[in-house]
Asker: 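Let me begin by handing over the structure; questions about it come next.
Here the structure is a predicted model, which is why all the values come from computation and not from measurement. Reckoned from all heavy atoms, side chains included, excluding hydrogens, waters and symmetry mates. For the single chain, residues carry numbers from 1 onward in sequence order.
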Amino acid sequence: MSNKLWGGAFTQSADSSLEEFWGSIRFDKRLADVDVQGSIAHARMLGKTGIITGDEAEQIIAGLEGILADITVGTITFNPQDEDIHMNIERILHDRIGIVAGKLHTARSRNDQVVTDMHLFVRAAAQKTKTHLTALITALICQAETNIDSIMPGYTHLQRAQPVTFAHHLLAYGWMFARDLIRMDQVIKSTSLCPLGAGALAGTPFPIDRFMTAQELGFDAPYPNSMDAVSNRDYVLELLMANSLVEMHLSRLCEDVILWVSSEFGFVRLSDAYSTGSSMMPQKKNADLAELVRGKTGRVYGDFFTLLTVMKGVPMTYNKDFQEDKECLFDSVDTVQNSLIHIAGMVETMEARPNRMIAATKEGYLNATDVADYLAAKGVPFREAHEVAAKLVAYGIGAQQTLNDLPIEVFQAYHPAFGPDIYAAIDICTVLARRASYSGPAPAQVQNQIEGLKKTLGV
């Protein structure tokens with residue numbers, strides 16, 4: 001005969017290896033605190049509606065509050081024989097308060113219980129990720145404020161293209177992560193309906209008050225359809241997708257950092273706390289944190305596609321497949337949050353090298369566009385001006401001279417509109433200052449971006 005709390009109709013237990021295979025307590029114990037919170041709300045509702053007596057509700061709530069306190073301090077031991085976190089909590093409650101514990105599950109199924117837990121977990125995880133995103137954006141802003149005048153090459157195709165500032169480059173990531181904050185808000189909104197009270201799939205004949213439990217747990221309202229309530233995992237997928245974008249943005253930032261700290265660039269020094277050395281080559285200082293976070297992007301993508309694949313063929317309503325939603329969720333949340341924490345520290349402590357940055361702008365003809373713009377401002381059609389600038393670059397490469405070093409006679413040989421003021425027009429500081437259109441890299445515009453990003457954070 002089965003000793004499971006659900007095993008009244010079963011005459012034998014499952015094989016021990018099978019119980020280990022389908023049991024989930026090894027990972028869903030992470031839901032213990034939200035599971036108890038949901039049970040407290042359910043017990044309170046049962047007592048208020050008269051489904052159980054007020055005294056019974058008080059006994060159950062007191063027992064659950066004691067369990068929650070012990071979970072918080074880590075003194076609870078879970079039993080693998082009890083299969084999942086829900087059965088474990090109910091068994092522990094029974095051991096503490098006796099047979100009245102069995103009344104807690106009145107008008108409730110593990111199906112609506114687990115999805116309530118998942119809603120609460122996802123909501124809390126998204127809120128916590130927002131906190132870590134805010135810390136990273138703040139670190140980027142602090143670096144930007146220090147480096148508003150640190151001129152560096154901007155790149156396209158990983159080729160030096162036009163001058164920007166280190167601040168402008170960092171703020172590009174700040175705005176990326178600000179979009180991630182918006183996506184986390186959307187995830188939180190997706191958890192705004194309460195599944196508790198949907199039962200296994202078809203509600204319950206007991207006179208429950210679903211609006212009461214929804215309010216108790218901080219939801220806006222109950223799900224309007226009980227089948228959708230227990231089978232919906234969109235909110236989990238939305239968090240996994242949002243996490244994938246966060247980790248992708250982190251990976252792009254890490255890729256830039258890995259380039260910047262290399263000897264070939266030398267734009268940034270990382271703190272020793274966020275670097276490692278080589279066991280063979282004593283001169284090495286590796287950006288291993290950035291490399292590791294870049295590598296972890298693949299597993300976060302994998303977590304998203306794992307659940308997306310699980311969901312594609314699951315019929316209504318609850319199926320055991322849904323047990324696979326938790327490990328990928330927990331892994332994604334942990335990986336992204338830890339990545340954010342450590343990368344924020346790396347950004348906060350890294351040291352820009354403005355002299356190396358501006359030296360890099362002397363090569364690569366970053367002011368070639370400004371030669372074309374100079375002619376266009378004098379009435380030369382831009383396409384003609386572009387061709388003239390390209391020919392001047394080709395000449396400079398052949399003569400091993402920068403555009404700033406070319407004699408005025410060379411400029412005028414390619415077009416008579418050039419005058420001595422061309423040198424001031426293509427000075428790197430002038431080139432940057434003239435990029436003053438909205439969102440550009442000119443210092444005044446960068447300052448506006450900083451203020452805008454601070455406003456987004458509410459600071």
Asker: Between Ser437 (side chain) and Gly440 (backbone), is there a donor-acceptor pair under 3.5 Å?
Answerer: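 No; judged by distance alone, with no hydrogens or angles, the pair does not exist.
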
Asker: Please step through side chain to side chain contact (heavy atoms under 4.5 Å, CB included) for the pair Ile67 and Ile71, ending with a clear verdict.
Answerer: CA-CA 6 Å; Ile67 293 171; Ile71 289 169; 3.8 Å; yes

Asker: Quick test of your reading: applying side chain to side chain donor-acceptor pair (under 3.5 Å), list the pairs with at least one residue in residues 47-69, sequence neighbours left out, ordered by first then second residue.
Answerer: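 Pairs touching residues 47-69 that pass the test: Thr53-Glu56, Asp55-Gln59, Glu56-Lys103.
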
Asker: Which distance, rounded to the nearest 0.5 Å, do you find between the CG of Leu181 and the OG1 of Thr129?
Answerer: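 Interatomic distance, Leu181 CG to Thr129 OG1, rounded to 0.5 Å: 10.0 Å.
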
Asker: Answer yes or no: is there a side-chain heavy-atom contact under 4.5 Å between Val34 and Leu31?
Answerer: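 Side-chain contact under 4.5 Å: yes.
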
Asker: Any non-hydrogen side-chain atom of Val310 less than 4.5 Å from a side-chain atom of Asp325?
Answerer: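 Val310 does not reach Asp325 side chain to side chain.
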
Asker: Taking the six-membered ring of Tyr365, is the NZ or CZ of Arg160 close enough (under 6.0 Å from the centre) and on axis enough (within 45°)?
Answerer: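 Judged by the rule (NZ or CZ under 6.0 Å from the ring centre, within 45° of its axis), Arg160 is not positioned above Tyr365.
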
Asker: Where do Phe121 and Arg30 land on the side chain to side chain contact (heavy atoms under 4.5 Å, CB included) test, with the steps shown first?
Answerer: CA-CA 9 Å; Phe121 180 89; Arg30 187 161 176 176; 3.9 Å; yes

Asker: With the side chain counted from C-beta on, respond yes when Val431 and Leu366 share a heavy-atom pair under 4.5 Å apart, and no when they do not.
Answerer: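 No; the side chains remain at least 4.5 Å from each other.
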
Asker: Does Met311 reach the side chain of Asp234, with side-chain heavy atoms less than 4.5 Å apart?
Answerer: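 A side-chain contact under 4.5 Å is absent here.
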
Asker: Can you tell me how the ring of Phe177 sits relative to the ring of His249, calling it parallel under 30°, perpendicular over 60° and tilted otherwise?
Answerer: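 Ring orientation, 0 to 90° scale: perpendicular.
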
Asker: Within the supplied structure, the quantity of interest is the number of heavy atoms (other residues, nucleotides, ligands) at a distance under 6.0 Å from Glu291 CD; does it exceed 12?
Answerer: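 Buried by this count: over 12 neighbours within 6.0 Å.
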
Asker: Do side-chain atoms of Arg210 reach the backbone of Leu196 as a donor and acceptor pair under 3.5 angstrom?
Answerer: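 Flag set: sc Arg210 to bb Leu196 pair under 3.5 Å.
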
Asker: Donor-acceptor pair, Asp82 side chain versus Asn88 backbone, under 3.5 Å?
Answerer: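 Side chain of Asp82 to backbone of Asn88: no pair is present.
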
Asker: Just by modelled atom types, is the Ile188 backbone N or O under 3.5 Å from a matching donor or acceptor in the Ser192 side chain?
Answerer: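 A pair under 3.5 Å: no.
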
Asker: Might you work through the salt bridge (Lys or Arg N to Asp or Glu O under 4.0 Å) test for Lys454 and Glu145, ending with a clear yes or no?
Answerer: CA-CA 12 Å; Lys454 286 181 176 179; Glu145 288 178 321; 2.6 Å; yes

Asker: Less than 4.5 Å apart, any side-chain heavy atom of Asp112 and any of Leu201?
Answerer: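 A side-chain contact is absent here, since even the closest heavy-atom pair is not under 4.5 Å.
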
Asker: Could you give the distance from CG (Leu245) to CZ (Phe304), rounded to the nearest 0.5 Å?
Answerer: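 Between atom CG of Leu245 and atom CZ of Phe304 there are 8.5 Å.
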
Asker: Just by distance, do the side chain of Asp84 and the backbone of Met87 share a donor-acceptor pair under 3.5 Å?
Answerer: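 Yes: the side chain of Asp84 pairs with the backbone of Met87.
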
Asker: Any side-chain heavy atom of Arg252 within less than 4.5 Å of one from Met176?
Answerer: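 Yes, close enough: below the 4.5 Å cut-off.
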
Asker: Between Asp331 and Asp334, does a side chain to side chain contact (heavy atoms under 4.5 Å, CB included) hold up when you go through it step by step?
Answerer: CA-CA 5 Å; Asp331 181 68; Asp334 290 345; 5.8 Å; no

Asker: Less than 6.0 angstrom separating the ring centers of Tyr155 and Phe265, yes or no?
Answerer: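 Ring centres of Phe265 and Tyr155 closer than 6.0 Å.
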
Asker: Donor-acceptor check, side chain of Asp28 to backbone of Ile85, threshold 3.5 angstrom: yes or no?
Answerer: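 A pair under 3.5 Å: yes.
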
Asker: Does NE2 belonging to His386 count more than 12 external heavy atoms closer than 6.0 Å?
Answerer: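 Counting neighbours around NE2 of His386, 12 or fewer heavy atoms of other residues, nucleotides or ligands fall under 6.0 Å, so no.
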
Asker: How long is the straight-line distance from CG of Leu307 back to CE of Met241, given to the nearest 0.5 Å?
Answerer: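 Nearest 0.5 Å value for the CE-CG distance: 12.5 Å.
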
Asker: Between Asp370 and Asp373 (side chain of the first, backbone of the second, donor and acceptor by atom type, cut-off under 3.5 Å), is there such a pair?
Answerer: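 Looks like no, no N/O pair under 3.5 Å.
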
Asker: Can you tell me how far the CG atom of Leu140 sits from the CD1 atom of Ile137, to the nearest 0.5 Å?
Answerer: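 So the CG of Leu140 and the CD1 of Ile137 are separated by 7.5 Å.
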
Asker: Are any of the side-chain heavy atoms of Asp33 and Val36 separated by less than 4.5 Å?
Answerer: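 Side-chain contact under 4.5 Å: no.
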
Asker: Output yes when a side-chain donor or acceptor of Lys285 lies under 3.5 Å from a complementary backbone atom of Leu270, and no otherwise.
Answerer: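 Yes, the answer is positive, given that a donor and an acceptor are paired below the 3.5 Å cut-off.
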
Asker: What distance do Phe267 atom CZ and Met152 atom CE have between them, rounded to the nearest 0.5 Å?
Answerer: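 Nearest 0.5 Å value for the CZ-CE distance: 5.0 Å.
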
Asker: Judged by atom type as modelled, is there a donor-acceptor pair below 3.5 Å linking the side chain of Gln143 to the main-chain atoms of Phe166?
Answerer: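 It does not hold such a pair.
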
Asker: Less than 6.0 angstrom separating the ring centers of Tyr301 and Phe305, yes or no?
Answerer: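 They do not qualify: ring centres at least 6.0 Å apart.
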
Asker: Please check if the side chain of Arg44 supplies one atom and the backbone of Thr213 the other of a donor-acceptor pair under 3.5 Å.
Answerer: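 The answer is no, because no donor-acceptor pair under 3.5 Å joins these two groups.
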
Asker: Describe, in one word, how the ring planes of His169 and Trp260 are oriented to each other, choosing from parallel (under 30°), tilted (30 to 60°) and perpendicular (over 60°).
Answerer: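 His169 and Trp260: perpendicular rings.
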
Asker: Any side-chain heavy atom of Tyr318 sitting closer than 4.5 Å to one from Arg110?
Answerer: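 In short, these two side chains do not touch, never coming nearer than 4.5 Å.
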
Asker: Out of Asn243, Leu239, Leu240, which residue meets the side chain to side chain contact (heavy atoms under 4.5 Å, CB included) rule with Val336?
Answerer: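 Exactly one candidate clears the test, Asn243.
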
Asker: What's the separation between atom CZ in Arg294 and atom CD1 in Ile343, rounded to the nearest 0.5 Å?
Answerer: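 If I round to the nearest 0.5 Å, the distance is 11.0 Å.
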
Asker: Might you work through the ring pair (Phe, Tyr, Trp, His ring centres under 6.0 Å) test for Tyr274 and His342, ending with a clear yes or no?
Answerer: CA-CA 8 Å; Tyr274 296 94; His342 298 308; 7.4 Å; no

Asker: Would Asp70 and Arg96 satisfy salt bridge (Lys or Arg N to Asp or Glu O under 4.0 Å), going step by step from the backbone distance to the final call?
Answerer: CA-CA 13 Å; Asp70 290 342; Arg96 293 189 179 190; 2.7 Å; yes

